[in-house]
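Okay, structure first, notes after.
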There are 2 protein chains.
Amino acid sequence: MILHTLHLLGGHSRPGQLQRSIPGLSKKMMTQTLRELEDKGLVSREIHQIMPPNVDYSLTPLGKIFVEPIEQLYLWGIEHADALEALEANERLAGTTTDPLEAAE
Amino acid sequence: MILHTLHLLGGHSRPGQLQRSIPGLSKKMMTQTLRELEDKGLVSREIHQIMPPNVDYSLTPLGKIFVEPIEQLYLWGIEHADALEALEANERLAGTTTDPLEAAE
DNA sequence: CGGGATCCACTATGATACTG
DNA sequence: CAGTATCATAGTGGATCCCG
């Protein structure tokens, strides 16, 4: 989702905007994930100022390669919204839960 | 991986063959995942005999829809093996670990 | 603002043993 | 063979507090 969002935002973004763009994403997970993406060379981090902090994350050339299939997946999801809804419908039909333990109660 | 493998095996398979086709997949995880796929209507389970057990799992029409993007992803991976290798290479360059805690030791 | 450090409740998964 | 049950444990992620 971070790669996808970074792509949506034009290939780069500041942490704040990025987090606001992904509702539910905690600061911890965002930072942690960005560090991993950075380690793998998919994203680059640039510090422009220290106080107040002004950081910019952007997709590297390698990152852009990995964004491609991700975008395809998002497109697929949009085109097959019906199939996705079918999934959820089926889930509800089954035992309200996915956990075998909980189901036993 | 299970959907992909099921597809590879012609759309259906017995549990044993399926598990042997995915090295490292424990019986527990396989069964658990198959149950979820079943609940969501992606896979169907048919019992042909009780003793000895003869069960067959197969992709449902809905399952075949979901296999498509997965196959695309596998193909992408093959076509971009270089990009994938680049990932691993970068990982090694960084701290041998991805865990921020372990890294602090 | 960006982000590191801690604490902690869950969750996930492998191992193992058991059943028909 | 196919599957379930139980347990121990590593891993996950949110909440919170702190710093420059």
Side-chain angles (χ1 to χ4, degrees), chain A residues 1-6 9-40 42-60 63 91 94-105, chain B residues 1-3 5-6 9-40 42-60 91 94-105:
Chain A
M1 291 176 69
I2 287 183
L3 288 179
H4 167 67
T5 303
L6 223 37
L9 297 175
H12 70 98
S13 170
R14 293 192 57 187
Q17 180 184 27
L18 187 57
Q19 190 179 356
R20 284 190 298 277
S21 298
I22 306 178
L25 174 63
S26 68
K27 188 166 55 175
K28 175 180 174 178
M29 285 312 296
M30 182 180 74
T31 301
Q32 188 174 309
T33 303
L34 282 169
R35 290 287 171 283
E36 291 170 10
L37 293 173
E38 218 189 316
D39 286 346
K40 298 181 180 181
L42 302 187
V43 162
S44 68
R45 179 191 184 212
E46 286 174 71
I47 304 176
H48 297 293
Q49 291 174 40
I50 303 294
M51 281 302 288
N54 184 326
V55 178
D56 188 72
Y57 287 104
S58 55
L59 291 171
T60 63
E91 280 183 283
T96 313
T97 173
T98 303
D99 182 7
L101 297 177
E102 194 176 328
E105 299 179 338
Chain B
M1 291 176 70
I2 287 181
L3 288 178
T5 304
L6 224 37
L9 297 175
H12 70 100
S13 170
R14 292 191 56 185
Q17 180 184 26
L18 186 56
Q19 190 179 356
R20 284 190 297 278
S21 299
I22 305 180
L25 175 62
S26 67
K27 187 166 53 175
K28 174 181 174 179
M29 284 313 296
M30 183 181 74
T31 301
Q32 189 174 309
T33 304
L34 283 169
R35 291 286 172 283
E36 291 170 11
L37 293 173
E38 216 187 322
D39 286 346
K40 298 180 183 187
L42 302 186
V43 163
S44 68
R45 179 191 184 212
E46 287 174 72
I47 304 176
H48 297 295
Q49 289 174 42
I50 302 292
M51 280 303 288
N54 184 325
V55 178
D56 188 69
Y57 286 103
S58 55
L59 290 172
T60 63
E91 280 184 284
T96 313
T97 174
T98 303
D99 182 7
L101 298 177
E102 194 176 329
E105 300 178 340

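- In this structure, CD on B:Q49 lies 5.0 Å from CG on B:N54, to the nearest 0.5 angstrom.
- Distances shorter than 4.0 Å separate none of the side-chain N or O atoms of B:R45 from OP1 or OP2 on D:dA2.
- Going from atom CD of A:Q49 over to atom P of C:dC1 covers 14 Å, rounded to whole Å.
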Can you check nucleotides 13-17 of chain C for protein contacts, nitrogen or oxygen pairs under 3.5 Å, and list what you find?
residue : atom : partner : partner atom : Å
C:dG14  : OP2  : B:S26   : OG           : 2.9
C:dG14  : N7   : B:K28   : NZ           : 3.3
C:dG14  : O6   : B:K28   : NZ           : 2.5

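- With respect to A:E38, the side chain to side chain contact (heavy atoms under 4.5 Å, CB included) criterion is satisfied by exactly one of A:E36, A:R35, A:K40: A:R35.
- Rounded to whole Å, the distance from CG on A:L34 to C1' on C:dC1 is 15 Å.
- Per the geometry, CD belonging to B:E36 stands 14 Å off P belonging to C:dT11, to the nearest Å.
- Within 4.0 Å of A:P52, counting heavy atoms only, lies no atom of the nucleic acid at all.
- Rounding to the nearest 0.5 Å gives a distance of 11.5 Å between CD of A:Q19 and CE of A:M29.
- Between the NZ atom of B:K28 and the OG1 atom of B:T33 there is a distance of 11.0 Å, given to the nearest 0.5 Å.
- Atom-to-atom, CD1 of A:I50 to P of C:dG2 comes out at 13 Å; the value is rounded to the nearest Å.
- Atoms CD (B:E46) and C1' (D:dA2) sit 16 Å apart, rounded to a whole Å.
- Between B:M30 atom CE and D:dG3 atom C1' the separation is 9 Å, expressed in whole Å.
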Run the side chain to side chain contact (heavy atoms under 4.5 Å, CB included) test on A:Q17 and A:L9 for me, step by step, so that the C-alpha distance in whole Å, both residues' side-chain angles and the decisive distance to 0.1 Å come before the verdict. CA-CA 9 Å; A:Q17 180 184 27; A:L9 297 175; 3.8 Å; yes

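- Close to C:dG2, at under 4.0 Å from its OP1 or OP2, lies a side-chain N or O of A:R14.
- Of all nucleotides listed (C:dG3, D:dG3, C:dC1), C:dG3 comes nearest to the side chain of A:T31.
- As rounded to whole Å, 8 Å separates atom P of C:dG2 from atom CG of A:N54.
- In terms of position along DNA chain C, the nucleotide closest to A:R20 lies nearer the 5' end than the nucleotide closest to the other residue of the pair A:R20 and A:R35.
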Does the side chain to side chain contact (heavy atoms under 4.5 Å, CB included) test come out yes or no for B:L25 and B:I2, once each step is laid out? CA-CA 10 Å; B:L25 175 62; B:I2 287 181; 4.3 Å; yes

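- Between the CG atom of A:D56 and the C1' atom of C:dG3 there is a distance of 16 Å, rounded to whole Å.
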Apply the test side chain to side chain contact (heavy atoms under 4.5 Å, CB included) to residues B:L18 and B:L34: give CA-CA distance (whole Å), side-chain angles for both, the deciding distance (0.1 Å), then the verdict. CA-CA 11 Å; B:L18 186 56; B:L34 283 169; 4.0 Å; yes

